[in-house]
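What follows is one structure encoded as structure tokens, with my remarks underneath.
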Amino acid sequence: MPSRLVRLYVGLALYGASSGLQLRAGLGLAPWDVLNQGIARHTGISIGTASITVGALVLLLWVPLRQRPGLGTVSNVLLVGLTMDATLSLMPSPHTLWARIPLLAFAIALCGTATGLYLSARFGAGPRDGLMTGLHLRSGRSIRLVRTAIEVAVLATGFALGGSAGAGTVVYALAIGPLAQFFLRRFGGAGAPAGPSTVVARGGGA
């Protein structure tokens with residue numbers, strides 16, 4: 001249990017940090033952060049606070065889907081946004097493209113590592129991934145289709161609100177699934193039993 005708790009909270013803290021670093025890279029955000037940034041720009045709140053608010057609202061959608069949150073779910077809602085804001089307060093924006101590209105690559109790799117850490121702890125999926133698995137179970141549609149539909153809708157809404165989408169968004173979408181799966185096996189063991197967390201890692205995200 002102690003080691004699982006360490007993996008959970010280190011993973012969530014690194015996930016928030018990776019989101020902040022990807023924003024500082026300035027080459028495009030992950031779809032949910034595009035939405036968070038768009039909301040932040042229209043409301044005047046920080047992007048971390050927007051992340052917490054969106055996570056809490058998404059969690060409400062679990063009720064009709066009959067999803068059950070765990071410690072990891074609630075911790076995800078709070079910790080990711082807080083560490084994202086903390087990272088943004090400490091990390092300046094690089095001015096050259098040659099600094100921004102490696103920062104983007106590091107941020108996405110860190111996100112994959114963080115996802116593997118927090119999911120391997122098996123304290124429950126994050127609110128957004130729980131929405132995905134809930135819709136998958138209720139609709140009978142594939143994880144890939146449900147995931148894609150959610151990400152496209154979130155990205156389009158965030159972009160319409162002024163969120164930053166770009167090359168980094170595409171790279172994130174292509175890389176996060178394989179990275180999350182690799183690190184989940186690394187931290188959870190190749191023989192770990194399949195479950196919602198394993199399914200989520202195959203789709204990436206938090």
Side-chain angles (χ1 to χ4, degrees), residues 4-41 43 45-59 69-94 100 102-132 150-151 154-155 158 163-165 168-169 171-173 175-177 179-180 183-184 187 197 200-201 203-206:
R4 289 173 59 209
L5 285 171
V6 169
R7 275 185 286 167
L8 172 66
Y9 288 110
V10 170
L12 292 177
L14 291 179
Y15 195 102
S18 72
S19 297
L21 293 175
Q22 188 168 349
L23 191 154
R24 284 293 185 239
L27 296 173
L29 301 173
W32 283 97
D33 284 333
V34 174
L35 175 63
N36 294 332
Q37 188 183 52
I39 292 172
R41 285 181 171 175
T43 60
I45 62 177
S46 70
I47 188 171
T49 302
S51 174
I52 293 171
T53 303
V54 170
L57 292 174
V58 170
L59 196 55
L71 175 64
T73 308
V74 179
S75 300
N76 183 300
V77 171
L78 297 173
L79 191 55
V80 170
L82 292 175
T83 53
M84 184 178 185
D85 276 348
T87 301
L88 291 171
S89 69
L90 296 172
M91 178 71 185
S93 298
R100 289 157 61 194
L103 181 60
L104 173 67
F106 175 75
I108 294 174
L110 183 63
C111 184
T113 306
T115 302
L117 272 172
Y118 106 82
L119 286 179
S120 67
R122 298 191 178 276
F123 281 108
R128 299 157 187 85
D129 284 329
L131 174 65
M132 176 189 69
I150 292 174
E151 297 286 327
V154 166
L155 178 59
S164 301
T169 308
V171 174
Y172 178 93
I176 191 60
L179 283 171
F183 284 108
L184 178 59
F187 297 124
S197 295
V200 168

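Only this structure's heavy atoms are used, side chains among them; waters, hydrogens and symmetry mates stay out. This chain uses plain numbering: 1 for the first residue, then up along the sequence.
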With no hydrogens and no angle check, is any side-chain donor or acceptor of [X] less than 3.5 Å from a backbone partner on [Y]?
X	Y	value
Arg4	Arg122	yes
Tyr118	Gly126	yes
Thr73	Gly70	yes

Between [atom1] of [X] and [atom2] of [Y], what distance do you get to the nearest 0.5 Å?
X	Y	atom1	atom2	result
Leu23	Ser164	CG	OG	6.5 Å
Leu21	Leu104	CG	CG	10.5 Å
Leu14	Arg7	CG	CZ	14.0 Å
Leu29	Thr169	CG	OG1	6.0 Å
Tyr9	Asn76	OH	CG	10.5 Å
Thr53	Ile45	OG1	CD1	4.5 Å

Does the side chain of [Y] come within less than 4.5 Å of [X]'s, by heavy atoms?
X	Y	value
Leu88	Ile47	yes
Leu8	Leu71	yes
Trp32	Glu151	yes
Asn36	Met84	no
Gln22	Asp33	no
Leu12	Thr83	no
Arg128	Val54	yes
Phe183	Leu117	no

Heavy-atom closest contact ([X] atom, [Y] atom, distance):
X	Y	value
Thr87	Ala17	OG1-CA, 3.3 Å
Pro127	Gly55	CB-O, 3.6 Å
Pro31	Leu155	CB-CB, 4.2 Å
Arg100	Pro94	CG-CG, 3.4 Å
Gly116	Phe187	C-CD1, 3.7 Å
Ala180	Thr115	CB-CG2, 3.7 Å

- Item | Matching residue for Val77 among Val58, Ile52, Leu57 - test: side chain to side chain contact (heavy atoms under 4.5 Å, CB included) |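 Of the listed options, the one satisfying the test is Ile52.
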- Task: Show your working on side chain to side chain contact (heavy atoms under 4.5 Å, CB included) between Cys111 and Leu179 and close with a plain yes or no.
- Result: CA-CA 8 Å; Cys111 184; Leu179 283 171; over 6 Å; no
